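Notes follow the structure.
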Protein chains: 4
Amino acid sequence: MAATKPVAVGLIGAGRIGSFHAESIARRVPDATLLGVADPAPGAAAKLAAKLRAPLHTTDPAELLATPDLEAVVIASPARFHAGLVEQAANAGKAVFCEKPMAVTLTDADRAITAARRAGVPLQVGFNRRWDQAFAEGRAAIDAGSIGTPQLLRSLTRDPGPLGNASGIPPWTIFLETLIHDFDTLLWLNPGSKAVDVFAVADALVKPELKERGLLDTAVVTIRFDNGAIATAEANFSALYGYDIRGEVFGSAGMVAMGDVRRSSMTLFDKDGVANATWRRDTDHFVGAYTAQLTAFVDLIRKGGIPAVAGEDARAALAIALAAVKSVSEKRLVTLAEVQ
Amino acid sequence: MAATKPVAVGLIGAGRIGSFHAESIARRVPDATLLGVADPAPGAAAKLAAKLRAPLHTTDPAELLATPDLEAVVIASPARFHAGLVEQAANAGKAVFCEKPMAVTLTDADRAITAARRAGVPLQVGFNRRWDQAFAEGRAAIDAGSIGTPQLLRSLTRDPGPLGNASGIPPWTIFLETLIHDFDTLLWLNPGSKAVDVFAVADALVKPELKERGLLDTAVVTIRFDNGAIATAEANFSALYGYDIRGEVFGSAGMVAMGDVRRSSMTLFDKDGVANATWRRDTDHFVGAYTAQLTAFVDLIRKGGIPAVAGEDARAALAIALAAVKSVSEKRLVTLAEVQ
Amino acid sequence: MAATKPVAVGLIGAGRIGSFHAESIARRVPDATLLGVADPAPGAAAKLAAKLRAPLHTTDPAELLATPDLEAVVIASPARFHAGLVEQAANAGKAVFCEKPMAVTLTDADRAITAARRAGVPLQVGFNRRWDQAFAEGRAAIDAGSIGTPQLLRSLTRDPGPLGNASGIPPWTIFLETLIHDFDTLLWLNPGSKAVDVFAVADALVKPELKERGLLDTAVVTIRFDNGAIATAEANFSALYGYDIRGEVFGSAGMVAMGDVRRSSMTLFDKDGVANATWRRDTDHFVGAYTAQLTAFVDLIRKGGIPAVAGEDARAALAIALAAVKSVSEKRLVTLAEVQ
Amino acid sequence: MAATKPVAVGLIGAGRIGSFHAESIARRVPDATLLGVADPAPGAAAKLAAKLRAPLHTTDPAELLATPDLEAVVIASPARFHAGLVEQAANAGKAVFCEKPMAVTLTDADRAITAARRAGVPLQVGFNRRWDQAFAEGRAAIDAGSIGTPQLLRSLTRDPGPLGNASGIPPWTIFLETLIHDFDTLLWLNPGSKAVDVFAVADALVKPELKERGLLDTAVVTIRFDNGAIATAEANFSALYGYDIRGEVFGSAGMVAMGDVRRSSMTLFDKDGVANATWRRDTDHFVGAYTAQLTAFVDLIRKGGIPAVAGEDARAALAIALAAVKSVSEKRLVTLAEVQ
């Protein structure tokens with residue numbers, strides 16, 4: 001049996017989640033190796049490359065993309081650069097894993113999708129929740145018909161963290177970067193459906209003083225789908241009790257519920273009652289999901305097939321996010337047709 | 001020590017829930033006795049009175065109300081008669097416990113409230129969920145400051161039953177009779193707040209053929225409160241898995257969650273996995289809450305005080321329901337001011 | 001329909017649990033009335049009778065038993081008097097509900113059983129756990145064959161309280177008064193079986209200073225049954241986290257588990273994690289079970305039938321307790337035959 | 001920064017669990033590489049080595065141990081060969097990870113421990129349960145004093161599998177190979193304690209026809225520790241509902257409970273009630289723990305320190321197992337002193 005060479009992967013964007021993905025490639029994903037890191041911040045790429053023993057580092061993504069041995073990239077730059085980097089990487093013939101959101105406009109999303117298609121390279125998007133064991137089992141139960149036709153859905157993201165340093169957070173982040181996960185989850189858990197219209201409410205309840213800068217930290221979005229199902233997506237940026245991600249799909253024959261903020265089955269009983277510790281960070285809660293999505297990406301490169309999370313999926317979730325932004329601005333129901 | 005005479009209570013409306021309340025008065029509520037039953041359906045009052053050993057029965061509520069020994073009534077007629085019967089009972093000087101909704105128009109609600117005030121009789125409304133152990137503990141935690149300021153709320157009602165025989169169900173039942181519970185719950189779990197505006201989506205997903213008759217069976221309502229909190233109320237009329245009532249309040253310092261469709265702690269583990277039986281009927285799930293609210297009503301009569309659920313509470317929940325009806329009709333955000 | 005007269009019940013023993021039973025009869029059990037209270041402690045019977053509006057009170061049980069209108073008694077005296085009082089009551093022709101343990105020797109148990117049989121009066125014993133919703137559902141699942149043949153059983157009692165004032169606690173209380181519940185539960189959850197042999201370990205771990213007085217506060221008992229099943233019963237007198245009662249039956253086809261110290265579904269999530277309040281007292285946790293067993297007793301008197309918990313059941317549990325006592329004393333396996 | 005060379009590990013014993021460990025080394029454990037596989041069964045080592053791209057394979061463990069580049073071995077042969085292979089490997093200067101039980105006699109255990117000490121090589125034993133997130137958190141809570149002094153402990157192993165093909169199962173397997181996990185867990189969760197005496201009951205309830213061959217499939221063991229704590233260990237070889245591993249430690253100030261047979265948070269609600277899927281195999285349930293223990297072993301080799309699970313720990317658990325075997329044979333309480 002001939003040994004297969006590990007897939008040589010490069011990272012663009014050595015921030016928090018990019019560094020975590022690089023570590024996954026270097027240490028947790030079988031059959032992959034971290035070839036290099038690119039980040040414009042002076043020293044960032046060098047430091048991460050050294051830590052993870054990656055041979056290359058650069059401040060210029062183009063330089064990384066020009067490396068012949070490089071087969072694939074993980075894009076984890078700030079969101080506004082995602083789509084352009086997908087295009088660049090595709091044009092360079094590299095397989096692309098892009099963090100969510102893949103784009104912040106539908107035009108950009110289309111260009112990224114087209115670039116990958118033209119180049120014939122795999123393009124996978126980082127909706128990691130689909131790889132979580134509980135969510136994957138929920139989808140499997142739906143596919144098996146266990147809950148009948150979906151009628152009511154819910155997906156929520158409550159994050160203990162992102163407002164810690166609000167300076168770098170762009171307006172509409174709650175829709176474009178946070179709830180985009182929930183929008184994808186809802187589409188995915190209502191297989192074959194399309195969103196029809198959206199009504200959204202959002203506010204700055206955690207840090208009211210940031211509202212004038214456009215920083216909303218609390219949002220509730222109602223989405224109607226073409227199969228009649230009605231969904232609610234909900235987010236908040238300051239869950240003091242932990243990193244709380246849940247989904248629920250109610251259908252004509254039953255319901256599936258996914259997600260538990262409790263960290264493990266360890267339960268403490270003392271004079272104050274019963275207590276459980278909680279997940280505090282996405283990279284702890286979803287380490288399995290994060291590893292699984294990159295493993296699937298590497299398998300996709302080696303074995304071919306259709307990406308589990310394609311550029312079109314990213315586009316569909318983005319369209320909902322843009323409709324939600326418009327709904328908040330105009331305080332009215334917005335159809336998906338309006339934002340296409 | 002002088003024995004106190006039990007409170008003599010009459011029932012108006014011997015339907016499913018009325019019969020259950022009469023049984024509670026006769027058998028589960030201490031210090032109360034069932035004096036009589038009134039119901040216009042031939043034989044209904046007589047049959048229930050005989051079963052529960054109540055001395056009086058009549059087809060005419062006025063006759064029951066004219067009984068001098070009668071101290072209080074439980075009103076459980078069809079909803080459209082509630083407010084008028086509250087007035088009649090108050091005018092007759094009887095303490096009134098009225099099932100929800102206390103009224104189906106705000107004018108009627110005001111008349112009922114005024115009648116009780118003028119007569120100086122206690123008026124309590126049947127929002128039984130407030131008396132459930134879990135919901136009461138949730139509210140206590142909120143009062144204790146354990147979750148800080150409420151920011152996101154959720155209340156849901158999923159009922160296995162009401163569409164079994166749809167013939168008697170009036171249009172907008174899902175808002176006026178079902179979600180009215182959730183609207184009250186949300187107001188009560190966000191103490192001191194007022195609803196500001198409402199957006200609702202509803203459909204006939206369980207029985208699409210009934211949609212033209214105005215029978216909606218699935219609804220999602222978003223409510224914004226004057227303290228900034230955003231709430232979702234959700235209902236469906238065909239939960240195959242049981243009688244599912246839940247509440248959740250997320251605040252600046254934490255969250256409380258209430259409600260579990262599992263019937264008891266008995267858990268079965270077999271070749272198919274882990275299984276729990278569920279609550280199938282309101283009168284099983286909430287037997288404690290139903291008993292507690294009537295016990296409180298009897299105590300209120302004997303000991304005085306302020307009703308735990310007043311006519312004004314019923315009015316506030318009704319206003320949200322009416323705004324939701326308007327929102328569905330007009331597919332737009334409706335302010336509470338518009339329906340007052 | 002002719003009204004049935006409520007069953008007139010008297011209480012013997014106005015201590016904590018006796019007072020609670022009297023209150024159940026007076027306020028929670030339908031079709032029963034509290035006729036009188038007997039307790040030798042000066043003033044105790046009078047005080048309780050006044051509180052619950054019972055017409056009779058006496059310091060002499062014989063006087064209560066001589067009341068012609070009295071139909072039944074609840075015996076809640078100290079355990080060593082139980083069997084004698086059962087005999088007296090039976091001889092007086094009264095139906096008997098006796099708190100556990102019904103007797104502290106097998107000879108006494110036999111005399112009590114014989115007296116009730118001769119007098120033709122119902123005799124029911126206070127193994128309240130059988131009436132708990134979860135335990136009853138567990139037994140029903142076993143009867144339905146859901147777990148196959150029982151192979152491993154567990155029952156435990158952890159009580160936050162009884163050592164508060166240790167002065168009145170007799171030696172071997174942990175076996176004769178506490179674990180007797182678990183022994184009955186295990187026999188009942190292994191239907192048709194008999195205990196074969198017993199091995200017990202016990203110690204004074206909570207209050208080592210009381211060991212010399214024979215007060216053991218921690219015990220583990222292994223019981224082998226004639227169908228091969230092996231059971232563990234476990235008790236401790238100082239569970240700081242609440243009143244913890246659980247059962248588990250593992251069989252050839254599955255398992256049932258019963259009991260949860262969490263008080264309700266209300267769950268608090270805050271900066272410290274996830275928290276639930278717990279049951280702290282038997283009379284809170286098992287108010288439903290306590291009411292149900294007395295309701296069944298009243299029904300038994302009115303409708304006849306076989307007691308759900310008979311004197312023979314009390315005798316079988318007692319035999320295990322006595323074998324456990326012997327096993328601790330002699331540090332060896334003791335067969336049931338040795339104690340009969 | 002200089003790259004560190006991965007630790008070169010060899011496997012001895014390419015059976016089910018050995019193959020899994022080899023896969024962990026090759027794919028899941030960072031900084032390790034699978035150098036070779038030894039297994040006397042013709043073709044077994046070759047096949048596994050090919051699959052995992054390990055350069056060496058042999059039917060002779062001694063040949064593997066003679067490889068100069070080999071730094072460490074994982075021993076996963078049949079249990080009776082463990083201790084001898086530990087000695088051989090230690091004498092060859094290799095770091096040793098040995099599956100449980102490290103030995104089946106105390107003499108063998110001592111020889112293995114001595115060999116590793118003399119050779120100065122790390123020796124770690126495969127009590128993987130210690131590395132499970134929930135169990136590790138439980139131990140941490142005990143170390144933090146959250147439950148006070150342990151008084152009652154419980155550990156159980158219920159396995160859906162091992163009797164499928166009973167032909168290769170030696171007598172006393174339930175004690176020496178299965179409950180050995182629980183004995184280690186109990187010692188570890190009662191830090192600093194020593195077992196004093198043991199009483200065990202065991203039977204062939206799953207397959208009574210195998211009893212004459214000494215194959216017991218159900219066992220309950222009571223262990224008393226020198227700090228007064230009393231523990232129960234329980235095992236059964238045919239849990240139809242899944243791979244059920246739990247632990248519970250009750251102490252003077254509270255309790256910790258660990259283990260849940262539910263596979264994920266995904267919960268299905270349908271007409272039959274509430275359902276969860278379960279863990280079915282150790283290698284699914286404990287993939288994290290299995291990876292963590294080998295990662296710790298590799299770290300131990302590179303960074304030095306004290307093994308988290310030492311040969312002495314294996315010896316202490318073995319002594320309890322041997323006392324349990326004796327207790328079953330002689331139907332009496334056996335002190336640890338008797339088996340030393």
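Because the structure is a prediction, the values reported are computed rather than measured. Per chain, numbering begins at 1; letters A, B, ... match sequence-line order. No hydrogens, no waters, no symmetry mates; every other heavy atom, side chains included, goes into these values.
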Query raised in the report: So do Val220(D) and Arg154(C) actually touch side chain to side chain, heavy atoms under 4.5 Å?
Result: no

Query - CA sep, side-chain torsions, deciding dist, call: Thr222(C), Thr222(D), side chain to side chain donor-acceptor pair (under 3.5 Å) - result: CA-CA 8 Å; Thr222(C) 304; Thr222(D) 305; 3.3 Å; yes

Query raised in the report: Of the backbone (N, CA, C, O) and the side chain (C-beta and beyond), which part of Asp244(D) lies under 4.5 Å from a heavy atom of chain C, both, or neither?
Result: side chain

Report task. Look at the aromatic rings of Phe199(D) and Phe199(C) and report parallel, tilted or perpendicular, splitting at 30° and 60°. Result -> parallel

Query raised in the report: Which distance, rounded to the nearest 0.5 Å, do you find between the CG of Leu205(D) and the OG1 of Thr149(C)?
Result: 9.5 Å

Query - Over 12 foreign heavy atoms within 6.0 Å of CD, Glu212(C) - result: no

Requested in this report: Name the region of Ile223(C), side chain, backbone, both or neither, that has any atom closer than 4.5 Å to a heavy atom of chain D.
Outcome: neither

Report task. Taking atom CZ of Arg280(C) as the centre, report whether more than 12 heavy atoms of other residues, nucleotides or ligands fall under 6.0 Å from it. Result -> yes

Query raised in the report: Applying the side chain to side chain contact (heavy atoms under 4.5 Å, CB included) test to Gln151(C), which of Val206(D), Asp203(D), Asp217(D) qualifies?
Result: Val206(D)

Query - Atom group of Ala200(D) that falls short of 4.5 Å from chain C, counting heavy atoms - result: neither

**Report entry** Ser252(D) versus chain C, the contacting section by heavy-atom distance below 4.5 Å
**Finding:** backbone

Report task. Could you list which of residues 331-338 of chain C have a heavy atom closer than 4.5 Å to any heavy atom of chain D, in residue-number order? Result -> Lys331(C), Leu333(C)

Report task. Let me know if Leu152(C) has heavy atoms under 4.5 Å from chain D in its side chain, its backbone, both or neither. Result -> side chain

Query - Pairwise distance CZ(Arg158(C)) to CE(Met255(D)) - rounded to 0.5 angstrom - result: 5.5 Å

Query raised in the report: Distance from Phe250(C) atom CZ to Thr218(D) atom OG1, nearest 0.5 Å?
Result: 7.0 Å

